[in-house]
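Nothing fancy with the numbering, it's 1 onward along the sequence.
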Amino acid sequence: MGDYDALMAKTRAMYGKLLKREDYNELLKQKSVGDVVYYLKHNTYYGNILTDVNEGEIHRGQFEKILRKSLMNDYDKLFCFTHGKIRDFLKVIYLRHEIDSLKRLLRVLETKGTTSTAEESLIFLKNYDPLHIAKLATVQNIRELINELKGTPYYDVLRPFLNEKDGDNLFMIEMSLDLYYVNMVFSKKKTLLSGLDAETVTRSLGTEIDILNLLWIYRGRIIYNMDRSIVLSYLIPHRYRLPMDLIYELVDATDKDAFMQITAQSRYSELFLSEDSRFYDLKFSEYMYDFHRRMLRNYGFSIASAISYLYLKEYEISNIVSIIEGIRYGMPVETIRSFIVGM
């Protein structure tokens with residue numbers, strides 16, 4: 001227990017500063033990005049990182065970069081309270097943000113957007129000496145991006161796509177990156193973790209994979225009517241509490257009602273109770289948000305304290321971005337509120 005006393009105390013203190021319901025209620029009243037920045041700067045712990053920001057001039061991209069920088073800072077704080085194999089494993093968890101940065105740039109390239117603006121999204125990749133972030137943000141196509149990644153593990157992951165036409169395989173490219181991350185976590189878990197630490201990581205990532213596979217089967221078979229063999233081939237090849245027999249039943253479901261009846265047999269049945277499938281992703285986020293709150297509360301004396309805190313911080317940043325987007329597009333307050341996770 002002693003190895004985790006300081007880490008648990010730190011994560012509990014950081015958790016206590018996360019935004020509360022009353023903060024979200026205040027943010028929902030704001031009328032512009034600048035107003036949101038002003039509230040966070042003067043009323044929350046974001047004030048430390050927004051000190052030098054002029055809320056009247058900041059634009060949305062700059063603000064999102066600051067929010068991501070805040071998450072990076074939290075990683076750095078937690079690294080200071082860990083050592084040895086635990087610190088090495090947290091560095092593996094950090095990979096998900098590097099991959100998210102790459103996926104963001106890939107989508108910009110697919111839509112022929114301005115890649116220079118994506119530079120602000122690449123801060124999580126700055127750990128790699130061979131990478132020139134400014135140059136990476138000026139690439140014009142996916143081939144150039146892959147070549148710029150030489151010297152990092154991502155080059156080996158993406159090299160098979162070097163000769164593919166842009167946009168034709170974005171889904172497969174993103175799947176390859178996600179699979180690299182999942183395999184890396186499970187592989188490093190075996191060598192770096194044991195006991196409760198290994199168990200909590202299995203439970204955390206296993207639950208997330210189960211739900212992602214369920215959502216993929218629903219979309220592939222029920223919405224897009226894809227061939228069952230294609231749906232099965234794109235499943236993440238790991239399971240936690242989804243028996244393979246149940247997966248085969250779901251893939252063979254003839255319609256939405258049949259799919260619902262089968263999922264009712266699983267521990268994830270509550271995710272599909274809504275009649276409107278547009279809210280399934282939100283249900284997934286709510287489920288994982290509650291999951292990590294429980295993990296933080298019940299398994300504080302393990303690596304779960306750090307991992308679950310970081311997940312909750314990610315949801316907070318996502319909530320702030322949702323509020324900004326809602327305000328920019330003039331959405332009704334109650335509509336914006338429906339996209340806030342954990343409120």
Side-chain angles (χ1 to χ4, degrees), residues 8 10-30 33 35-37 39-40 43-47 49 63-64 66-75 77-78 93 96-97 100 200-201 203-212 214-215 267-274 276-300 302-329 331-343:
M8 190 192 76
K10 185 63 179 177
T11 54
R12 290 284 169 86
M14 293 164 72
Y15 174 74
K17 293 180 180 178
L18 292 180
L19 300 185
K20 311 292 189 298
R21 179 185 295 270
E22 51 266 33
D23 292 313
Y24 286 123
N25 283 329
E26 290 300 319
L27 290 173
L28 286 167
K29 296 177 183 175
Q30 308 309 314
V33 174
D35 291 344
V36 170
V37 175
Y39 179 84
L40 292 172
N43 299 281
T44 74
Y45 71 102
Y46 285 101
I49 202 168
F63 185 41
E64 285 195 39
I66 290 172
L67 293 176
R68 279 189 280 278
K69 183 72 166 47
S70 172
L71 181 60
M72 284 182 68
N73 290 345
D74 284 359
Y75 266 96
K77 291 173 185 174
L78 295 180
I93 298 297
R96 63 189 276 119
H97 304 293
D100 280 347
T200 56
V201 170
R203 185 181 303 178
S204 172
L205 189 57
T207 299
E208 189 172 357
I209 289 172
D210 278 353
I211 299 174
L212 288 173
L214 279 173
L215 291 172
R267 65 184 294 108
Y268 308 112
S269 57
E270 65 185 88
L271 294 171
F272 297 92
L273 292 178
S274 173
D276 192 340
S277 60
R278 292 175 301 175
F279 293 105
Y280 290 167
D281 283 326
L282 191 58
K283 282 280 188 182
F284 162 62
S285 296
E286 291 282 1
Y287 188 96
M288 293 307 300
Y289 181 87
D290 289 339
F291 173 89
H292 283 294
R293 284 187 67 184
R294 292 196 302 273
M295 293 291 281
L296 189 61
R297 182 172 61 244
N298 298 330
Y299 300 99
S302 76
I303 197 170
S305 62
I307 292 175
S308 289
Y309 167 78
L310 291 166
Y311 267 91
L312 294 175
K313 174 71 176 236
E314 284 182 55
Y315 281 119
E316 177 173 284
I317 291 174
S318 177
N319 284 339
I320 296 172
V321 171
S322 293
I323 291 172
I324 292 172
E325 285 294 285
I327 292 173
R328 288 179 72 221
Y329 290 104
M331 296 169 66
V333 169
E334 290 310 311
T335 301
I336 303 173
R337 188 191 301 276
S338 70
F339 291 106
I340 298 177
V341 175
M343 189 169 178

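- With sequence neighbours left out, L212 forms a side-chain contact (heavy atoms from CB on, under 4.5 Å) with E208, I236, F284.
- The main-chain N or O of Y299 is never found under 3.5 Å from a side-chain atom of R294 such that the two would form a donor-acceptor pair.
- Looking at residues two or more places apart in sequence or on another chain, you find a salt bridge (charged side-chain N to carboxylate O under 4.0 Å, His left out) between K77 and D74.
- V201 places none of its side-chain heavy atoms less than 4.5 Å from the side chain of I93.
- Shown here are the salt bridge (charged side-chain N to carboxylate O under 4.0 Å, His left out) partners of E314, two or more places apart in sequence or in another chain: R96.
- Listed for the S70 side chain is no donor-acceptor partner under 3.5 Å among the backbone atoms of I66.
- No side-chain donor-acceptor contact under 3.5 Å links S308 to the backbone of S305.
- Contacts of S204 classified as side-chain hydrogen bond (donor to acceptor under 3.5 Å, both in side chains), with partners at least two apart in sequence or in another chain: none.
- Not a single side-chain hydrogen bond (donor to acceptor under 3.5 Å, both in side chains) links Y289 to another residue, sequence neighbours left out.
- Taking the side chain as every heavy atom from C-beta outward, I340 and L28 approach each other to under 4.5 Å.
- Atom OG of residue S338 and atom CE of residue M343 lie 11.0 Å apart, to the nearest 0.5 angstrom.
- Side chains of H292 and Y315: a donor-acceptor N/O pair is absent below 3.5 angstrom, by distance only.
- With sequence neighbours excluded, the residues forming a ring-ring contact (aromatic ring centres under 6.0 Å, His included) with Y280 are Y218, F272, listed by chain and number.
- Contacts of E26 classified as side-chain hydrogen bond (donor to acceptor under 3.5 Å, both in side chains), with partners at least two apart in sequence or in another chain: K29.
- Contact annotation: the side chain of F339 never approaches that of N319 to less than 4.5 Å [non-hydrogen atoms, C-beta and beyond].
- Scored by the side-chain hydrogen bond (donor to acceptor under 3.5 Å, both in side chains) test, D23 finds Y39 as partners (sequence neighbours excluded).
- Remark: E325 engages R60, R328 in a salt bridge (charged side-chain N to carboxylate O under 4.0 Å, His left out) (not counting sequence neighbours).
- For L282, the side-chain contact (heavy atoms from CB on, under 4.5 Å) partners at least two apart in sequence or on another chain are F279, V341.
- Two residues are said to be in side-chain contact when any heavy atoms from C-beta on lie closer than 4.5 Å; F291 and Y311 fail this criterion.
- Among residues at least two apart or in separate chains, there is no salt bridge (charged side-chain N to carboxylate O under 4.0 Å, His left out) pair with a member in residues 282-291.
- A heavy-atom distance below 4.5 Å is found between the side chains of L78 and M14.
- Every residue meeting the salt bridge (charged side-chain N to carboxylate O under 4.0 Å, His left out) condition with R203, not counting sequence neighbours, appears here in chain and number order: E199.
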